[in-house]
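Any value given below was found using the heavy atoms of this structure, including those in side chains, with hydrogens, waters and symmetry copies removed. Here is the naming used below: chain letters follow the sequence lines, and residue numbers restart at 1 for every chain. The structure displayed is predicted, hence computed values, not measured ones.
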2 protein chains.
Amino acid sequence: MNLSQTTVSRALNGYPEVSAETRRRVAEMADKLGYAPNSQARRLATGRSMAIGHVIPRSIHEMMNPIFLEFIAGAGETYSRHGYDMMLSVVDDAHEEDAYRQIASRKKADGVIIHGPANDERRHLLLKKLNLPFVVHGRIPGAESETSWIDMNNRRAFERATNLLLDLGHTRIALLNGLEHMDFAHRRRRGFEDALAGRGLSPDPALMRSADMTEPYGCENAVAMLKGDDPPTAFLVSSMISAIGVARGIGQCGLKAGKDVSIITHDDALSFLPNCGEVPIFTCTRSSVRYAGEKAAELLLAMIADPDAKPASLHMDAELIIGQSTGPVPSPQNQARP
Amino acid sequence: MNLSQTTVSRALNGYPEVSAETRRRVAEMADKLGYAPNSQARRLATGRSMAIGHVIPRSIHEMMNPIFLEFIAGAGETYSRHGYDMMLSVVDDAHEEDAYRQIASRKKADGVIIHGPANDERRHLLLKKLNLPFVVHGRIPGAESETSWIDMNNRRAFERATNLLLDLGHTRIALLNGLEHMDFAHRRRRGFEDALAGRGLSPDPALMRSADMTEPYGCENAVAMLKGDDPPTAFLVSSMISAIGVARGIGQCGLKAGKDVSIITHDDALSFLPNCGEVPIFTCTRSSVRYAGEKAAELLLAMIADPDAKPASLHMDAELIIGQSTGPVPSPQNQARP
DNA sequence: TTGAAAGCGCTACCAC
DNA sequence: GTGGTAGCGCTTTCAA
């Protein structure tokens with residue numbers, strides 16, 4: 001085909017100086033021969049790995065499993081669109097730092113996403129030291145202005161949800177939260193408490209739980225609380241999975257969700273747990289975690305393209321959507337008792 | 001430090017000819033300087049990408065989301081242990097072939113895993129043509145002997161589950177299956193039908209559904225069937241998520257699961273949907289999809305290490321575990337009616 | 001046991 | 001608009 005490697009490279013990479021005719025010929029040939037530049041060689045030559053790393057310590061995975069994948073899927077689409085690969089490392093919690101060090105020293109990725117920031121988060125310090133660009137899914141307390149992040153307004157979402165319940169007359173509201181050493185859960189709790197405080201109420205520790213958001217967690221706590229001395233009339237729940245458990249627990253107590261007991265849950269808009277339709281099953285605060293993934297990826301790619309840009313962030317509000325699981329507090333005399 | 005690049009490379013890669021003393025010095029220095037060989041350069045030099053690709057078309061992702069991540073997590077652990085990276089590509093269904101072609105032509109991965117084989121699967125043909133080693137999670141009908149795969153015995157699991165229900169006296173058994181154009185669901189249906197046939201019964205199409213395994217799918221169909229003319233006394237369900245929906249539907253009809261209506265579900269042993277304890281909530285056929293991921297990865301890495309080896313496979317039986325959701329068929333006179 | 005040097009397959013710079 | 005060539009940072013012969 002009588003063309004130098006140089007020209008072929010330029011043609012395939014869309015350099016402007018190549019003549020249209022040459023480009024056409026090259027493209028045609030490449031197509032015919034099934035040729036595409038070896039990505040390792042290109043990466044070595046350019047010094048960019050064209051990959052983004054996601055380090056998943058087992059502990060995060062255990063609890064955030066379905067939410068995490070939805071985020072990944074969103075991010076993955078953005079990467080594909082921009083010619084980036086996604087590298088996933090599943091590691092023991094003890095090896096998380098190592099994983100980041102390796103990514104940096106072996107140049108395995110051009111940037112990483114931090115998942116599930118904790119209240120005492122430290123990963124960002126390491127990444128800064130390693131000079132590895134990153135975006136946080138969530139926020140790192142105290143480092144908001146010096147890091148790029150994408151987060152939903154957890155505090156406000158739970159404050160609004162609590163206010164909705166208060167407006168319906170509920171005052172005994174239970175909070176089934178995620179693990180509160182995680183930033184998102186911590187903020188949700190604050191929103192809950194702020195709303196109560198706004199009405200001059202103070203939270204009852206007997207009605208507050210913090211744990212992995214499994215289905216049995218919802219069920220067992222709902223049953224235990226409803227059978228207690230001064231049961232709640234409403235539940236505020238941190239995930240659909242647990243909310244389903246709460247609904248089951250309510251049923252086990254012979255009560256009816258949305259009538260005897262209200263539920264509001266946060267809904268990450270996971271595809272296998274649809275909560276939509278004309279009137280969704282659960283009243284919820286909804287925020288698409290998949291969309292968050294797309295946006296986080298965009299932020300990170302922009303950072304990589306322009307390393308000198310200032311940190312950028314995206315703060316999203318959840319929608320508050322009325323479903324079938326909320327209603328006015330039952331008047332005391334009608335109030336069903338298990 | 002006065003050592004050639006050659007020696008450093010050998011020391012770091014564990015070549016036997018390096019003296020213990022030299023190796024120690026190299027390791028120490030590397031540690032001190034935070035040095036690790038650039039993976040792109042190494043890949044280029046060795047010709048192996050040391051990565052395994054997972055191509056996720058959106059459609060698979062939509063329905064298999066949580067199950068898929070659990071598999072990935074298992075595989076990821078195996079990869080880490082063997083120094084391999086995991087590359088995830090989330091693509092439009094229309095670009096799936098392209099994704100595989102790119103992995104092959106650009107040498108992005110040394111092998112791939114095929115997820116969610118369909119009844120009319122064709123991906124393996126492409127991969128053979130591309131000369132890209134692969135392992136199937138599930139089985140490709142008609143290509144069992146010429147491909148490496150790992151699968152649970154779906155047919156037998158559902159046959160055993162059905163037999164258990166039959167032994168309990170149930171004859172009106174509903175099947176809420178996954179999408180039957182997928183191989184796993186197809187086999188589960190066969191198991192169900194085989195068991196019925198073994199007792200001289202034939203399946204009632206009015207009691208059989210095939211769809212994405214969401215929670216509402218379980219609930220809506222349970223309600224519709226239970227309100228029908230000749231309602232089922234038991235449900236056989238393809239996923240925990242849908243089974244939870246079935247339980248909700250049963251509750252909505254004023255019936256009690258495990259007493260008025262029995263449920264057996266398949267349980268992939270997902271961490272956020274624990275179904276264990278002394279007596280699990282759901283009677284189930286259980287098979288850890290995470291374990292499957294680990295094993296699939298091992299098969300694939302072995303294939304890559306020895307390209308001439310014959311295809312190997314792993315066929316696992318699910319456990320049949322008795323929980324609280326099954327009981328003898330209610331005698332007709334006592335049988336609760338919605 | 002160690003070192004020198006030739007690639008691996010590209011991109012990017014500098015000529016033409 | 002096109003081509004020659006020098007790396008990119010390793011691994012891997014081949015020699016010593």
J.: Measuring to OP1 and OP2 of D:dT2, would you say a side-chain N or O of A:T22 lies under 4.0 angstrom away?
T.: yes

J.: Atom CD in A:E121, atom NE2 in A:H181: separation rounded to 0.5 Å?
T.: 11.0 Å

J.: Who pairs with A:H82 by ring pair (Phe, Tyr, Trp, His ring centres under 6.0 Å), at least two apart in sequence or on another chain?
T.: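 If we apply the ring pair (Phe, Tyr, Trp, His ring centres under 6.0 Å) test to A:H82, skipping adjacent residues, there are no hits.
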
J.: Assign a letter to each nucleotide of nucleotides 7-16 of chain C from its 5' end: B, base within under 4.0 Å of a protein heavy atom; S, sugar-phosphate only; -, no contact.
T.: BBBBBBB---

J.: Measure CD/B:E17 against C1'/D:dT12 and give the value in whole Å, please.
T.: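 Taking atom C1' of D:dT12 as the reference, CD of B:E17 is at 11 Å.
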
J.: Salt bridge between B:R43 and B:D85, side-chain N to carboxylate O under 4.0 Å?
T.: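 Salt bridge: yes.
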
J.: Which residues pass the side chain to side chain donor-acceptor pair (under 3.5 Å) test with A:Y79, sequence neighbours left out?
T.: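 With sequence neighbours excluded, A:Y79 shows a side chain to side chain donor-acceptor pair (under 3.5 Å) to A:H54, given in chain and number order.
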
J.: Under the criterion ring-ring contact (aromatic ring centres under 6.0 Å, His included), which of B:H137, B:H115, B:H315 is the partner of B:W149?
T.: B:H315

J.: Under the salt bridge (Lys or Arg N to Asp or Glu O under 4.0 Å) test, which residues partner B:K107, sequence neighbours left out?
T.: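 Scan of B:K107 (salt bridge (Lys or Arg N to Asp or Glu O under 4.0 Å), adjacent residues dropped) gives none.
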
J.: Counting only side-chain N and O atoms of B:S4, is one of them less than 4.0 Å from OP1 or OP2 of C:dG3?
T.: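 Checking C:dG3 against B:S4, a side-chain N or O does come within under 4.0 Å of OP1 or OP2.
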
J.: Sequence neighbours left out, what passes ring pair (Phe, Tyr, Trp, His ring centres under 6.0 Å) with B:H95? Give chain and number order.
T.: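 With sequence neighbours excluded, B:H95 shows a ring pair (Phe, Tyr, Trp, His ring centres under 6.0 Å) to no residue whatsoever.
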
J.: Rounding to 10°, can you tell me the angle the first-five-pair axis of the helix from C:dT1-D:dA16 to C:dC16-D:dG1 makes with its last-five-pair axis?
T.: 30°

J.: For the pair made of CG in A:L3 and C1' in D:dG4, what is the distance, rounded to whole Å?
T.: 14 Å

J.: Using a strict threshold of under 4.0 Å (side-chain N to carboxylate O), is an ion pair present between A:D93 and A:R58?
T.: no

J.: For B:L12 and D:dT11, what is the distance between atoms CG and P respectively, to the nearest whole Å?
T.: 8 Å

